[in-house]
There are 4 protein chains.
Amino acid sequence: MSPRTPAQFEKLRTRRREQILKVAAEIFIQKGYHAANVSDVAQKAGVSQGTIYHYFPDKENLFLAVYESWEIRNLQSELRDALENAATPTEQLGLLAQMVAKRMEQAKDILPAYTEFWSHIHRNKAIKIGFQNMFKDMRGILARIIRNGIDKNEFVNTEPMTMAAILIAVFDGLILQWIADPKQVKWENIADTLTQVILTGLSANK
Amino acid sequence: MSPRTPAQFEKLRTRRREQILKVAAEIFIQKGYHAANVSDVAQKAGVSQGTIYHYFPDKENLFLAVYESWEIRNLQSELRDALENAATPTEQLGLLAQMVAKRMEQAKDILPAYTEFWSHIHRNKAIKIGFQNMFKDMRGILARIIRNGIDKNEFVNTEPMTMAAILIAVFDGLILQWIADPKQVKWENIADTLTQVILTGLSANK
Amino acid sequence: MSPRTPAQFEKLRTRRREQILKVAAEIFIQKGYHAANVSDVAQKAGVSQGTIYHYFPDKENLFLAVYESWEIRNLQSELRDALENAATPTEQLGLLAQMVAKRMEQAKDILPAYTEFWSHIHRNKAIKIGFQNMFKDMRGILARIIRNGIDKNEFVNTEPMTMAAILIAVFDGLILQWIADPKQVKWENIADTLTQVILTGLSANK
Amino acid sequence: MSPRTPAQFEKLRTRRREQILKVAAEIFIQKGYHAANVSDVAQKAGVSQGTIYHYFPDKENLFLAVYESWEIRNLQSELRDALENAATPTEQLGLLAQMVAKRMEQAKDILPAYTEFWSHIHRNKAIKIGFQNMFKDMRGILARIIRNGIDKNEFVNTEPMTMAAILIAVFDGLILQWIADPKQVKWENIADTLTQVILTGLSANK
DNA sequence: TATGAATGAGTTTTCATTCAT
DNA sequence: AATGAATGAAAACTCATTCAT
């Protein structure tokens, strides 16, 4: 009865939504939530402002959608892979450090988004929960490796959760230093140094 | 008409300025730069909006002044103290970890400010430079300890700067996790675990 | 391709039109002209927005069509009936009061529409004329009864038109009080009191 | 300390507020709530839009303020006066009819406001309550006169509240007819006819 | 110097209407 | 005829900043 089938409409909607979302991500990350205008997004996406509101109820939800699409691209899947592609906990941690560092090197364009989203932790419940879950998941994954290593006598006896938190912190903290001054953070050195120190310690007297 | 001496005036101005700054800090950190209104600050500081503009040229400079006053309270001085109050590089690092962790415990009220300032790194040159210098200073201080430790054969041979960056990163990253979910970060465990691992390594086979 | 005859098409159109009109009436009365959205009407009527515009040139004409369908259901026909079903002017007025009061009791769901349409008297010519004609007709009908009563010496000599206007006013005014506070207007008492007072007067000294 | 004293500011505020309110009343009544724009009000009042929002939190509250200032000018005080300036209930009612009719004649410019405010009864709680209270008060005042008349044997025994409601309704209903077609309502005839009929009844057979 | 009224540019949001399919 | 995506003009509201007093 309709000349465009519902499926056609659906496809149209999906395409447009993604088009808007992509542009919105760029602008939000470049300018920050408040300085970014819906009209900027509309213009750069080549649609009218009304169209934006056809796809997203308001600016905040557009931002949230950007956050969600960004969140998906995060590291958890990679962490899980590392678990499976290495035999011993020691190797697992080493591989992990390498992977994450390499990932950072590649993903330079999305790193600036971190500070933007971080700054919404206080103000946006969904984002807060997103970060809480992400951290929780990642700590869980790492803590399991560490506990496993302790059980197998590969690692000394530390609090696995605290240790996991520290490992995650290293990368987030480095992202911050990289954002402040990209030249000063050499991801290619990080993995090695980190592996060396974490696994064998700084101490030379063994 | 007024019996006030110029010096008294000056003192009055200073006091008022600090009064405004204190309130501005609270509001900026609580609401974020954009959501914070000059009128809010004025009201909470008990002055008129116009008065704010007698003390600060505009909102951005008010924010910058808040940033600067916040920056001062940061860790560098403490780091320097640690250098002097410990004999060996090993002890220095251990003391450092303890001090910083204890400091975090106390400074819970200013931690939320981190994300706000971080998010301005991209957008504000002064803040970017502030962070760059702070990171540079801290890396320098830590790198010197590490290099010293290597020279004294207390530490294995690592890239001091990279190692320094990692150490700093740990704390910034933990601040982030703490902000996302304070209950999940136990500062009191951090120092021990960190000292243990950094100094002796995770590896049990020594 | 379609086996539908023109007549069937016509019936379909009529049905759809009425369907839209019914829903539009509900929404316009519930929300008022401006707060009611064409998209609301479309959604609730189960058609697309575009379809509304196949049946009505624009929102104003849709509203007008609602007004017209509402106007038709009004009292004039009943008034005419009352004229025929009572013998004397006195009885006619009495019957009238009873009928109208009973009608109000039943028509509670359309009473809220009154204020909405009233408020368009200033702004919409068609509605203004509609009300003018309705009032004129009703005053005419009542004035004829009254004049008849005066001629037959059943009534004292009053200005029939003014008296007619007053009688009509009573009901409109009561509708308003009912809308403001339904519990405070007891339609079942109205007819009696009205008949008693209008016909015999409040004065006890006769 | 301030060159303008608080009292001066207060006077300024009051004056401006009234200036805005007056213009807003005109525009709201002329165009209706929705069709009236805040920018129209600002322009006609010779201030900026921002100034409007300096004095009223939003459009709705501006409208409400208009309603309240309009409500004050209503009839209750006059009704009370009538109570005191007439000796017997019969005279009281007669005087009342005269006063109200005369008032209508004078207040032609505010009558169009009625339909606008009426139409907000459903949508605005404050206005609903305003009307409820106004009707309640007026019914109370009239019912007391009527009850008094019954007690003194001046009036026949009717339900005072119902009778009061009817009397009030007459005027509201006539306002409506007047709004629809001013030429058709002759306020100068109303009082006489009303007094005659209400007090002595239409019936000629006494 | 302090005040707070006033500004007006800038932003988000809404929605009747159009139109390609 | 029917669909619903797209439009864009219009509207409410905000707020940093100015300035007369």
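Convention: sequence-line order gives letters A, B, ...; per-chain numbering from 1. The figures here come from the full heavy-atom set of this structure, side chains too, leaving out hydrogens, waters and symmetry mates.
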**Prompt:** Listed by chain and number, what are the side chain to side chain contact (heavy atoms under 4.5 Å, CB included) partners of B/Ser48, not counting sequence neighbours?
**Reply:** B/Thr51
**Asked** Based on Watson-Crick and G-U pairs with both distances under 3.5 Å, what dot-bracket line describes DNA chain F 5' to 3', crossing pairs as [ ] and inter-strand pairs as |?
**Response** .||||||||||||||||||||
Under 3.5 Å, sequence neighbours excluded: what are the donor-acceptor pairs made by side chains of residues 123-130 of chain A?
from	atom 1	to	atom 2	distance (Å)
A/Arg123	NE	B/Lys31	O	3.4
A/Arg123	NH1	B/Ile29	O	3.3
A/Arg123	NH1	B/Gln30	O	3.2
A/Arg123	NH2	B/Glu116	OE1	2.6
A/Asn124	OD1	A/Ala126	N	2.9
A/Asn124	OD1	A/Ile127	N	3.2
A/Asn124	ND2	A/Glu60	OE2	3.1

**Asked** Is any side-chain N or O of B/Thr51 closer than 4.0 Å to OP1 or OP2 of E/dT3?
**Response** yes
**Distance in angstrom units between D/Tyr55 OH and E/dA5 C1', rounded** = 6 Å
**Asked** Under a 4.0 Å heavy-atom cut-off, which of residues 116-126 of chain D touch DNA chain F?
**Response** none
**Nearest-angstrom distance from the residue atom CD1 of B/Ile52 to P of E/dG4** = 12 Å
**Length of the line joining C/Gln49:CD and E/dT18:P, which is rounded to integer Å** = 12 Å
**Request:** Go through the structure and list residues passing side-chain hydrogen bond (donor to acceptor under 3.5 Å, both in side chains) with C/Asp58, not counting sequence neighbours.
**Result:** C/Asn61
**Prompt:** Tell me: CG of D/Leu12 to P of E/dT7, nearest whole Å?
**Reply:** 11 Å
**Request:** Determine, for B/Tyr33 and B/Lys59, whether the Lys NZ or Arg CZ falls below 6.0 Å from the six-membered ring centre while staying within 45 degrees of the axis.
**Result:** yes
**Request:** Only counting residues at least two apart or in another chain, list the ones meeting side chain to side chain contact (heavy atoms under 4.5 Å, CB included) with A/Gln19.
**Result:** A/Arg16, A/Val47
**Request:** For B/His122, check side chain to side chain contact (heavy atoms under 4.5 Å, CB included) against everything at least two apart and list the hits.
**Result:** A/Pro112, A/Thr115, A/Ile179
**Item:** Residues B/Phe63, B/His120; criterion ring pair (Phe, Tyr, Trp, His ring centres under 6.0 Å); working and verdict
**Value:** CA-CA 10 Å; B/Phe63 181 71; B/His120 286 263; 4.5 Å; yes
**Item:** Student check: side-chain heavy atoms of A/Leu62 and A/Phe28 closer than 4.5 Å
**Value:** yes
**Request:** Among F/dT7, E/dG4, F/dA5, find the nucleotide with the atom closest to the side chain of A/Phe9.
**Result:** F/dA5
**Item:** Whole angstrom value for the distance that separates P of E/dT11 from OH of A/Tyr53
**Value:** 12 Å
**Item:** Whole-Å distance separating the NE2 atom of A/His54 from the C1' atom of F/dA5
**Value:** 4 Å
**Prompt:** Taking the side chain as C-beta and beyond, is there a heavy-atom pair between A/Trp118 and A/Phe131 under 4.5 Å?
**Reply:** yes
**Request:** Look at the side chain of B/Gln132 and the backbone N and O of A/Ala180, then say whether any donor-acceptor pair between them is shorter than 3.5 Å.
**Result:** yes
**Message:** Quick check on DNA chain F: between D/Gly50 and D/Ser39, whose nearest nucleotide comes earlier from the 5' end?
**Reply:** D/Ser39
**Message:** Give the residues of residues 56-65 of chain C touching DNA chain E, defined as any heavy atom closer than 4.0 Å, sorted by residue number.
**Reply:** C/Asp58, C/Lys59
**Asked** Residues two or more places apart in sequence or in another chain: which of them pass ring pair (Phe, Tyr, Trp, His ring centres under 6.0 Å) with B/His54?
**Response** none
**Asked** Quick one: side-chain hydrogen bond (donor to acceptor under 3.5 Å, both in side chains) partners of A/Tyr67, sequence neighbours excluded?
**Response** A/Glu71
**Request:** For A/Lys44, check side-chain hydrogen bond (donor to acceptor under 3.5 Å, both in side chains) against everything at least two apart and list the hits.
**Result:** A/Glu26
**Message:** Measuring only between side-chain heavy atoms, which start at C-beta, is D/Arg15 closer than 4.5 Å to D/Lys11?
**Reply:** yes
**Item:** Sub-4.0 Å heavy-atom contacts from residues 13-37 of chain D onto DNA chain E, ordered by number
**Value:** D/Arg13, D/Arg16
**Message:** Here's a test of your reading of the structure: between B/Val47 and D/Val47, which maps to the more 5' nucleotide of DNA chain E?
**Reply:** B/Val47
